[in-house]
Amino acid sequence: MTGSPDPAVPDLTALLLTTRTLEAFLTALADTVVDLAPGCDGCGITLEREGLLLTVASSGTSARQLDEEQYGQNDGPCLQALRTGQEIFVQDTRTDRRWGEYPAYAAAAGTRSSLSLPIAARTHTPGAINLYASAPDAFADADLSVLRAIAAEATGAIAMAQRLADVSAFNDELQTVLATRTLIDRATGITMARNGCTYDEALASLKDVARQHDTTLREVSAALVRHYGEPPNSSEPQ
């Protein structure tokens with residue numbers, strides 16, 4: 001039997017469905033994490049899509065600056081969590097020797113500790129929730145069960161948003177294909193009417209013109225339609 005949801009964990013899927021954009025959802029998520037983690041003064045959410053790293057939402061003043069520094073160095077606790085699917089703790093940036101110059105940069109910026117939790121690990125849009133604090137070892141007493149539950153729900157919500165985005169992109173691509181097909185059919189109809197030829201002959205003629213001018217069939221069709229307009233009705237005298 002499935003247990004009841006933890007009342008301390010917000011329903012992030014419902015939050016996703018009630019926010020108008022993915023960015024708005026992730027910003028609300030970052031605000032929620034800051035509220036739930038005592039000592040946390042900044043939260044950034046990083047996603048990687050087609051090799052591009054981006055802080056898609058942040059709360060507080062420190063998160064975006066520290067995330068961006070890690071992207072520039074291509075190393076850091078945020079990226080390690082994103083790439084390995086593991087939770088990464090930084091107890092004190094003044095003494096941590098991992099990730100090259102990053103710990104010293106974070107300490108100089110006023111951040112002494114951090115916690116990075118992976119989200120959507122091993123998917124085509126992996127990410128991490130990055131919590132930052134000005135005190136050392138600020139997350140030693142954090143309720144990790146709640147934070148992990150938030151990361152798990154965020155994974156599902158982001159996957160849902162990604163599927164919706166993929167469907168939208170597919171629909172956009174499909175509309176482009178259909179528009180191109182319609183344009184080519186209109187140009188083919190014009191060629192048939194003017195040359196008294198079959199559909200296949202008209203289409204072959206358009207393709208020949210495209211090859212001769214080193215352009216696409218779509219561009220040739222668009223130019224023809226712009227010049228002649230719609231093909232005449234086949235019942236009208238030519």
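Put simply, the side chain of Val90 does not reach to within 4.5 Å of the side chain of Leu115, judged on heavy atoms. A 4.5 Å side-chain heavy-atom check between Ile150 and Val146 finds at least one atom pair inside the cut-off. Side-chain contact between Leu82 and Leu47 is absent, with no heavy atoms from C-beta onward closer than 4.5 Å. Side chains of Val220 and Thr215 form a contact here, defined as non-hydrogen atoms less than 4.5 Å apart. Side-chain atoms of Gln91 and Phe139, non-hydrogen and from C-beta on, never get closer than 4.5 Å to each other. Side-chain contact check for Asp41 versus Ser134: some heavy-atom pair is nearer than 4.5 Å. Contact annotation: the side chain of Ile129 approaches that of Cys43 to within less than 4.5 Å [non-hydrogen atoms, C-beta and beyond]. Looking at heavy atoms from C-beta onward, Trp99 lies in side-chain contact with Pro77 at the 4.5 angstrom threshold.
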>> One pair to check against side-chain contact (heavy atoms from CB on, under 4.5 Å): Arg148 and Leu117. What are the steps and the verdict?
In response: CA-CA 7 Å; Arg148 287 166 182 158; Leu117 300 131; 4.2 Å; yes

> How far apart are the C-alpha atoms of Leu203 and Leu217, what are their side-chain angles, what is the distance that settles it, and do they pass the side-chain contact (heavy atoms from CB on, under 4.5 Å) test?
Replying inline: CA-CA 9 Å; Leu203 184 60; Leu217 179 58; 4.1 Å; yes

>> Walk me through whether Tyr228 and Thr191 qualify under side-chain contact (heavy atoms from CB on, under 4.5 Å).
In response: CA-CA 10 Å; Tyr228 290 106; Thr191 304; over 6 Å; no

>> Between Thr180 and Arg218, is the side chain to side chain donor-acceptor pair (under 3.5 Å) condition met? List the steps.
In response: CA-CA 6 Å; Thr180 298; Arg218 187 188 188 285; 3.3 Å; yes

>> Between Tyr102 and Asp96, is the side-chain contact (heavy atoms from CB on, under 4.5 Å) condition met? List the steps.
In response: CA-CA 9 Å; Tyr102 170 73; Asp96 204 306; over 6 Å; no

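The main-chain N or O of Ala187 is never found under 3.5 Å from a side-chain atom of Ser221 such that the two would form a donor-acceptor pair. Of the possible polar contacts, none joining the Gln65 side chain to the Thr61 backbone as a donor-acceptor pair under 3.5 Å is found. The backbone N or O of Glu201 sits nowhere less than 3.5 Å from a side-chain atom of Ser205 that would complete a donor-acceptor pair. Here the side chain of Ser59 pairs no donor or acceptor atom with the backbone of Gly42 at under 3.5 angstrom. Looking only at distances, no side-chain donor or acceptor of Arg122 sits under 3.5 Å from a matching main-chain atom of Gly85. Judged purely by atom type and a 3.5 angstrom limit, Thr55 has no side-chain atom pairing as donor or acceptor with the backbone of Ala57. Looking only at distances, no side-chain donor or acceptor of Glu48 sits under 3.5 Å from a matching main-chain atom of Pro126.
Separating the OG1 atom in Thr123 from the CZ atom in Arg49 is a distance of 9.0 Å, to the nearest 0.5 Å. From Leu224, atom CG reaches atom CZ of Arg186 across 10.0 Å, with rounding to the nearest 0.5 Å. Rounding to the nearest 0.5 Å places OG of Ser116 at 8.0 Å from CG of Leu131. Interatomic distance, Asp75 CG to Gln80 CD, rounded to the nearest 0.5 Å: 7.5 Å. Rounded to the nearest 0.5 Å, atoms CG (Leu26) and CD1 (Ile119) are 7.0 Å apart. Note that the OG atom of Ser113 and the CG atom of Asp137 stand 6.5 Å from one another [nearest 0.5 Å].
Within a 6.0 Å sphere centred on CD of Gln73, other residues, nucleotides and ligands contribute more than 12 heavy atoms.
Asp143 and Ser145 are linked by a side-chain donor-acceptor pair at a separation below 3.5 angstrom, with hydrogens and angles left out of the test.
When all heavy atoms are compared, the tightest approach of Tyr71 to Leu54 is OH-C, 3.5 Å. Between Cys78 and Ala128, the shortest heavy-atom distance links the atoms O-CB, 3.8 Å. What you find for Thr93 and Ala107 is that their closest heavy atoms are OG1-CB, 3.3 Å. The two residues Pro136 and Arg112 make their nearest non-hydrogen contact at N-CB, 3.6 Å. Across all their heavy atoms, Cys40 and Ala133 have their closest contact at CA-CB, 4.5 Å.
Criterion: ILVMFWY side-chain heavy atoms under 4.5 Å apart, direct or through other members. Under it, Leu147 and Ile88 are not part of a common hydrophobic cluster. Linking Ile, Leu, Val, Met, Phe, Trp and Tyr residues whenever their side-chain heavy atoms come within less than 4.5 Å leaves Tyr132 and Leu144 in two separate clusters. The cluster map of Ile, Leu, Val, Met, Phe, Trp and Tyr, joined by side-chain heavy atoms under 4.5 Å apart, puts Val34 and Phe89 in different clusters. Taking hydrophobic clusters as Ile, Leu, Val, Met, Phe, Trp and Tyr residues chained together by side-chain heavy-atom distances below 4.5 Å, Ile45 shares a cluster with Leu36.
The residues Arg211 and Asp208 are annotated as salt-bridged, a charged nitrogen and a carboxylate oxygen being separated by less than 4.0 angstrom. Of the charged side-chain nitrogens involved, none lies within less than 4.0 Å of a carboxylate oxygen, so that Arg94 and Asp92 do not count as a salt-bridged pair.
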